[in-house]
Asker: 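Have a look at this one before I ask anything.
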Amino acid sequence: MVVGTVAGAVLLPLLAVPAHAESPTAPAVDLTGLGGVLLSALTQGAPGSMARIDDGNSVYRVATGVADRGSERTMSDADRFRIGSVTKTFTAVVLLQLVDEKKLELDAPVNRYLPGLLPDDRITVRHVLGHRSGLYDYTNDMFAKTVPGFEAVRKQVFTPRELVKRSLSRPRTNAPGAAYSYSNTNFVVAGMLIEKLTGNAVRTEYQNRIIEPLKLRDTFYVHPAMKIPGRHAHGYLTPDQASAPLVDATEQTVSWAQSAGALISSTRDLNTFLSALLGGRLTSAAQLAQMERWMPSGTGQAYGLGLRRRDLSCGVSVYGHTGAVQGFYTYAFASKDGKRALAAVANTSNNGAVLNTMLRTLDSVFCGKAVKTVKAPRGKAPVERHEDVAPARTLD
Ligand code: REX
């Protein structure tokens, strides 16, 4: 048991189940540093935070704060949560399996499979999966005002075509293939491709191709149902006005994101998933190599196909995805071979300081003590990688 001590905050004990580091070449996980990072997220406004590391046969689990502000139930790494855009990696895996099965060509136009959907025949499947299509991200407008934007869609059910239509009502951001420009529209189109090519709902394909083979017991696609099944953390959305109370955003359809962000999972399942993917157990080696053809997407970052690479300060690169849905921030990353995997979650969002702090869990886990941890800034901080999240705060 590790007990966190950060001045000025009410802190619950950190529950850690440590073991020795597995990999002889990788630096030892800095559990103390990790605990400090998770506690910092609490001082910056997250009700709770947690992380799980799977490192060969060793498992480390750390959780602090509360999963539910009403009952004050303590956060547990067993709690399910909304994983936001980590869903994109699942969606990409399904499509790359379809490439393996010769049902899809990465360099074919999307319109070959979905005739007339997009206004430009030059937009390929590869452009969509790599955020290089130029299709405008309709969530920029949807969530320009954070809480009103969320409440307007919380219970709504969209068809994928309605979401694409919203995107197409705005100019495209770049010519096909010309630039990286993050857009949820791309992964809505990806979901439509899955449904067209298989004749099944995306839920069935996630289930048959990933959830069942990997025995993921906490992973669900329940859209358009609004509840998270079973034991879960509540998600708290931070309003744009500094003094306004957090909004419990747990229950929502996530229909605004669907195959771009509506999956529910747990830290254990995310680690199992990424280890399997990077270990070559979900696609052929050739398709994993396609997912890992990197385009720069910001300082120290690159995007492949539904997969991010982050280059850490200690020289190690990690592979996975980030997620931001109302009430939850997720970092799910693993080493190149998938043998060490980290899933870290805070149950708040629209809080740049917490997002930046949670990013530091990667250093603690993959760089060990090799990295000097800088003290987390208090109060507001610029949102890390702001080009990838809906626009900066505006007043509600
Ligand atoms: C939605 C707005 C942000 C969140 C978004 N989320 O596009 C996707 C995702 C599904 O997970 N993206 C992450 C809201 C960044 C990724 O790919 O790594 N923000 C919030 C606002 C801002 O409403 N006005 O923070 O909850």
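Heavy-atom basis, side chains included; hydrogens, waters and symmetry copies ignored. Numbers here are sequence positions counted from 1. Each ligand, and each atom within it, is numbered from 1 in the order the structure gives.
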Asker: Using the rule side chain to side chain donor-acceptor pair (under 3.5 Å), only one of Arg293, His321, Arg132 pairs with Tyr303; which is it?
Answerer: His321

Asker: Go through the steps to decide whether Asp218 and Arg268 satisfy the test salt bridge (Lys or Arg N to Asp or Glu O under 4.0 Å), and finish with yes or no.
Answerer: CA-CA 8 Å; Asp218 302 316; Arg268 176 186 58 187; 2.9 Å; yes

Asker: Answer side chain, backbone, both or neither: which part of Leu237 comes under 4.0 Å from ligand 1, heavy atoms only.
Answerer: side chain

Asker: How close do Asn271 and Ala343 get, counting heavy atoms only, and between which atoms?
Answerer: OD1-N, 3.2 Å

Asker: Is Ala257 in contact with ligand 1, taking contact as a heavy-atom separation below 4.0 Å?
Answerer: no

Asker: Of the listed options (Gly235, Ser85, Ser349), which comes nearest to atom 12 (N) of ligand 1 when hydrogens are ignored and any heavy atom counts?
Answerer: Ser85

Asker: What are the atoms of ligand 1, with element, lying closer than 4.0 Å to any heavy atom of Gln326?
Answerer: 26 (O)

Asker: Within the structure, does Thr146 bring an N/O atom to less than 3.5 angstrom of an N/O atom in ligand 1?
Answerer: yes

Asker: So, taking the atom named NE2 in His232 and the one named CG in Asn347, what distance separates them when rounded to the nearest 0.5 Å?
Answerer: 11.0 Å

Asker: Side chain, backbone, both or neither: which part of Arg308 has a heavy atom under 4.0 Å from ligand 1?
Answerer: side chain

Asker: Side chains of Tyr136 and Ser181: do they bring a donor and an acceptor to under 3.5 Å?
Answerer: no

Asker: Would you say Ala324 and ligand 1 have an N/O pair spaced under 3.5 Å apart?
Answerer: yes

Asker: Tell me, please: is His321 in heavy-atom contact with ligand 1, that is, under 4.0 Å?
Answerer: yes

Asker: My understanding is that only residues two or more places apart in sequence, or in another chain, count here; which of them pass salt bridge (Lys or Arg N to Asp or Glu O under 4.0 Å) with Asp79?
Answerer: Arg73, Arg231

Asker: With a cut-off of 4.0 Å, which atoms of ligand 1 are near a heavy atom of Thr322?
Answerer: 16 (C), 17 (O), 18 (O)

Asker: Judged by non-hydrogen atoms, does Phe150 sit under 4.0 Å from ligand 1?
Answerer: no

Asker: Of the backbone atoms (N, CA, C, O) and the side-chain heavy atoms from C-beta on, which set of Asn184 has a member under 4.0 Å from an atom of ligand 1: side chain, backbone, both, or neither?
Answerer: side chain

Asker: Taking distance alone, with N or O pairs closer than 3.5 Å, would you say Lys88 contacts ligand 1?
Answerer: no

Asker: Under 4.0 Å between a side-chain nitrogen and a carboxylate oxygen: does that hold for Arg154 and Glu151?
Answerer: yes

Asker: Side chain, backbone, both or neither: which part of Trp256 comes within less than 4.0 Å of ligand 1 when only heavy atoms are counted?
Answerer: side chain

Asker: Using non-hydrogen atoms of the residue, decide whether Tyr182 is closer than 4.0 angstrom to ligand 1.
Answerer: yes

Asker: Take Glu195 and Thr198 through the test side-chain hydrogen bond (donor to acceptor under 3.5 Å, both in side chains) and record every step on the way to the result.
Answerer: CA-CA 5 Å; Glu195 298 197 335; Thr198 64; over 6 Å; no

Asker: Under a 3.5 Å cutoff, is there a donor and acceptor pairing between the side chains of Thr91 and Ser259?
Answerer: no

